[in-house]
Visitor: 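Structure provided below as structure tokens; questions to follow.
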Number of protein chains: 4
Amino acid sequence: MTLGVGVIGTGMIGQDHVRRLTQAVSGAEVVAVSDANEQVAKEVASGLPDATVHPFGEELIADERVDAVLVCSWGPTHEAYVVAAIGAGKPVFCEKPLATTREACRNIIDAEVAHGSRLVQVGFMRRYDESYRALKDVIDSGAIGAPLLYFSGHRNASVPEHYTKDMAIVDTAVHDFDVTRWLLGEELSSIQVLAAKPNSLGGDLQDPLLMILRSQSGVLVTVETSVNIRYGYDIRGEVVGETGTAALADRGPVVVRSAHQVAVSVPEDWRQRFLTAYDVEFQEWVDAVTAGAGATGPSAWDGYAAQVVCDAGVQALSSGERVAIDLGEQPALYR
Amino acid sequence: MTLGVGVIGTGMIGQDHVRRLTQAVSGAEVVAVSDANEQVAKEVASGLPDATVHPFGEELIADERVDAVLVCSWGPTHEAYVVAAIGAGKPVFCEKPLATTREACRNIIDAEVAHGSRLVQVGFMRRYDESYRALKDVIDSGAIGAPLLYFSGHRNASVPEHYTKDMAIVDTAVHDFDVTRWLLGEELSSIQVLAAKPNSLGGDLQDPLLMILRSQSGVLVTVETSVNIRYGYDIRGEVVGETGTAALADRGPVVVRSAHQVAVSVPEDWRQRFLTAYDVEFQEWVDAVTAGAGATGPSAWDGYAAQVVCDAGVQALSSGERVAIDLGEQPALYR
Amino acid sequence: MTLGVGVIGTGMIGQDHVRRLTQAVSGAEVVAVSDANEQVAKEVASGLPDATVHPFGEELIADERVDAVLVCSWGPTHEAYVVAAIGAGKPVFCEKPLATTREACRNIIDAEVAHGSRLVQVGFMRRYDESYRALKDVIDSGAIGAPLLYFSGHRNASVPEHYTKDMAIVDTAVHDFDVTRWLLGEELSSIQVLAAKPNSLGGDLQDPLLMILRSQSGVLVTVETSVNIRYGYDIRGEVVGETGTAALADRGPVVVRSAHQVAVSVPEDWRQRFLTAYDVEFQEWVDAVTAGAGATGPSAWDGYAAQVVCDAGVQALSSGERVAIDLGEQPALYR
Amino acid sequence: MTLGVGVIGTGMIGQDHVRRLTQAVSGAEVVAVSDANEQVAKEVASGLPDATVHPFGEELIADERVDAVLVCSWGPTHEAYVVAAIGAGKPVFCEKPLATTREACRNIIDAEVAHGSRLVQVGFMRRYDESYRALKDVIDSGAIGAPLLYFSGHRNASVPEHYTKDMAIVDTAVHDFDVTRWLLGEELSSIQVLAAKPNSLGGDLQDPLLMILRSQSGVLVTVETSVNIRYGYDIRGEVVGETGTAALADRGPVVVRSAHQVAVSVPEDWRQRFLTAYDVEFQEWVDAVTAGAGATGPSAWDGYAAQVVCDAGVQALSSGERVAIDLGEQPALYR
């Protein structure tokens, strides 16, 4: 009953997931790996009990020991691997983004719809975070009435040199877009992107950004990305409902009184903040796939929708105008 | 050395201030009152040791025992009384709004500039609140770097029947506008007003509203007004700076653990929330006026600027467009 | 209707109260001062509009302009001044301690009982603090059931050189004793004092101390005094009831996110922590006295009871044993 | 590389750990079960892929597929099973208590010392809780100076009918005793137990209790047990150091503003509160045993020491006197 997982892409995030599947998750074994840099793949395999190294992802997908595929490779390669896994009828977990263009995402959807049942899951780990889940529970319970406004704050201490201005949308805010859709249970219909007074620590970046989105039912959403804010990795979220609000709590484990302050700590980075969410995400995926469900988490449609919002966001950043978001018809598979 | 204060307008807020000047503030005495409803003025006077009732505000201003004037009458009457007090060379504290039109505010400014020194103070009490002052101190200290974003949340449990949609701007958000200008130390340059999905508890009102303003240096400001949110009167504020953020704290006096919750209370209404701020505001005004300064708090210019932002906000709400804010030249008196 | 107050003792705390009565409280005027150091008294008087300097407290008490007396002199002199004020039939506010021995306190009680109505109020300012009042309200509301345990934490950043080990009880914990009696609405019946591992920053002091008291109905009370804890002046309190608990909240005015922390500030010292409580205390005293009540706040009995607990505490610290607290019969005047 | 675990005792807690080892922990398989009620053991085994049911624990221990033993049976049976496992040279995880008497614990220690290396781990799960670990990190970092006082609060919403007064010590406070020893890194040397005014919801129980312990270096420790407090399962802890304090944080996942409150939730029970701690505890145990370490967590000595403190506590509750705690010599194996 151990799920054989093949991992395509064994860079930083891939290695982290290999470790997770091997040491933290019950019921899975990494049986095959593949990477554009074969040397890296071999090193990763050498730390595993019995993993085959495949030169190409397509071979890995075809490997009989591979029950399910995990795609952690470079974004532009995702489409081909995911479509191939669908073609092989194998469940596939794809790190975000599902694909880097709207069309590529659509191709994946078409393939999965043609297959006739869900096989694809996208790595939006926030949906597995205890605080986000509690936030959704409060909304769904009706305890604060219907949601009317949502504020989502995404703050990084700093970003690497190669971070470009569009990445604030496609790499950073994409998580906010997905979690907003999930929390509200509906699609986003428009986006406007405003650049604030630039942070002098952010070089030439337009940072911070304030994005204003509207959901189909009219909920107003503001997304703040502050990616050079130094003080830590801080994920904020507050839903304003008809009769109350609910917000992600600060969850530092201890309250320290020292030096004229009462303080709790802020996470250093996303790994620390979402460590447990990743573990839960993979345990639930392994459990679902083992139980015969192709996928129960974020779907190809979710990956596609997030990508379409990102595309609109990039256009809105460039034009300064409000951009409508049009997802087209949702296939019955995803309803 | 007791300051003789004459109060024009002895309705709800006027009576509250009469009580404040009589029972909570040191160094002042209410020596004269006036109200459109003379009966009410007489009742208020009957509770005071030695207060003259004047049928008209102009007579009250001329009363020799009146060292300083407090205007709490109906908004449209403010201009005439304030200008008259300036004409008499007497310090005048005017409850907000300074006046109900841009032109009326400008007339007051012209009169004060002609007088040559400050006599007018406007009742923006938030500037005297301990939390707002601490927030400004953090900003000014540089501890979080230059401010880049500011979020201001203004939530009322409910509003009276006569509350109209423009009042969310001219009556409610006007406080957010003023305190934003004061915290940032600069003027606002544009405003956009978005209506969220309407709160079903708010009748025909467009509630909540999300206003997006920009300051002259580029700081992005969002103002949320939620005026039927039931759970309490909750004033929120968070400045996002280059290296950190600072926010108004929840200040419930006790932490109660009961019924599976750890909770602090939220104020019932603005009186409870800003009680101490009002006391401090009037004590500082009395002290300043007694010391010979005509006024040291929010100026006629501040009242004017807030009114111009309100006008632009009303226009923006109606048009759905971003509206530029043009204050014109600031007289040297206010620099 | 202005209350003429005579101040005996114009050292640090006396000067602070003179400023308070003059600049912060409504309805009072300092009309006379006296101090063992006459030069200091003269300097204080020189800053007041019309205050007489008396060489002796007894003369000040006899001064016809003095409607009420404020005693801020050295503790051992309190008894004589308070008894003299009672003898003159004048309301007297006495800073803590009421007197420095049980017998001296008893003499004051006898004098007041002989007078037949309350004239004496003792300066236990915590009873006027918003958080303590809210704590008492929660207890009295029954929201957490009957109180069963109470923890009172009293932390000072540091203490002056002349601070001796008994002062942790008679100077520091005395406030905890009084506020415990007031919160619980009953007397304390025994005390045990345990010295913790000594703080190396406290020199030869036995610091911190943990005192264990029991109320007459059986509530267990622990009082922690940590008087060299460096991080600030921090007053803690938590009542454990049958169905919940209530605690004094941390009330830093702003929440600052910086340097990997979310923090609120801790007060620097007692002045900052209880500034508003002192103002309220004196406003209520002035109002009560002006209205003809001799005193409505902490009574001579409260001052006596606190002193008896202190005496028992000192004995318990010395002996290491539990010491019973016996107040004797409470005169009807104080019931 | 999968660790074969045999589980003795498949009642409530045993079943929970079987589920944990099977579904949440990586690298382990439950290969054998045994229970006094064989029917229950069979039902548990029927839900597992390949587990043998043994009528007696001793047989289970001898089973060749059993690499390590988990003892979850009735307390009085622990000694025999643990000693048998040591005899078989197999790592054994024993739920608390290690054994129900001091002598029984000592026998286990003797057996393990005779074996010559650690095989026994005791189920003190708090040491694996994120908040407790962070608390220990703060202490060990020196950020608050040497610990001088520790307050440990242990609150249950309610307890079952069969809960007796000694259980507040041996079942409830035992966790506080262990975690105190671990946090402070030293042994406890005396205990006094005081009964507060009884909670009327606690029937005939002496509840709450306040225990006062002293560590060998002089740290004063207070342990509050409130086991009928209704509002939730609330584990509190605060270390007072020389320059600051550190406390377990409230960790409700969301902050809800509704009905005039700002609130976070309190856990319902110990399962909710320590769910993750149990998972971490078993993952670390499995990892350590698999890596060849017999045990790295709480040792037989820790189990023994906790039991000795419990014995002294029961005696102190009965006598009302302070009782010294004498552990005797610590074998080198545990240093």
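All values reported here derive from a predicted model rather than from experimental measurement. The sequence lines fix the lettering, A, B, ..., with proteins before strands; numbering per chain opens at 1.
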Visitor: Taking ring-ring contact (aromatic ring centres under 6.0 Å, His included) as the test, write out the residues that go with B/Tyr150, two or more places apart.
Guide: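 ring-ring contact (aromatic ring centres under 6.0 Å, His included) list for B/Tyr150, sorted by chain: empty.
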Visitor: Measuring heavy-atom distances to chain C, does B/Glu238 have an atom under 4.5 Å in its side chain, in its backbone, in both, or in neither?
Guide: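 Looking at B/Glu238, just its side chain touches chain C.
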Visitor: Give the table of side-chain donor-acceptor pairs shorter than 3.5 Å for residues 6-19 of chain B, with sequence neighbours excluded, one pair per line with atom names and distance.
Guide:
unit_1	atom_1	unit_2	atom_2	d
B/Thr10	OG1	B/Asp35	OD1	3.3
B/Gln15	NE2	B/Thr10	O	3.0
B/Asp16	OD1	B/Arg19	NH2	3.4
B/Asp16	OD2	B/Arg20	NH1	3.3
B/His17	ND1	B/Arg20	NH1	3.0
B/His17	NE2	B/Glu95	OE2	2.9

Visitor: At a heavy-atom separation under 4.5 Å, does C/Thr22 approach chain B through its side chain, its backbone, both, or neither?
Guide: backbone
Visitor: Under 4.5 Å, heavy atom to heavy atom: which of residues 276-292 of chain C reach chain B? Give them by number, or say none.
Guide: C/Gln283
Visitor: Using non-hydrogen atoms and a limit below 4.5 Å, what part of residues 242-274 of chain C faces chain B?
Guide: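 The list, in residue order, reads C/Thr243, C/Gly244, C/Thr245, C/Ala246, C/Ala247, C/Leu248, C/Ala249, C/Arg251, C/Gly252, C/Pro253, C/Val254, C/Val255, C/Val256, C/Arg257, C/Ser258.
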Visitor: Side chain, backbone, both or neither: which part of B/Leu135 has a heavy atom under 4.5 Å from chain C?
Guide: both
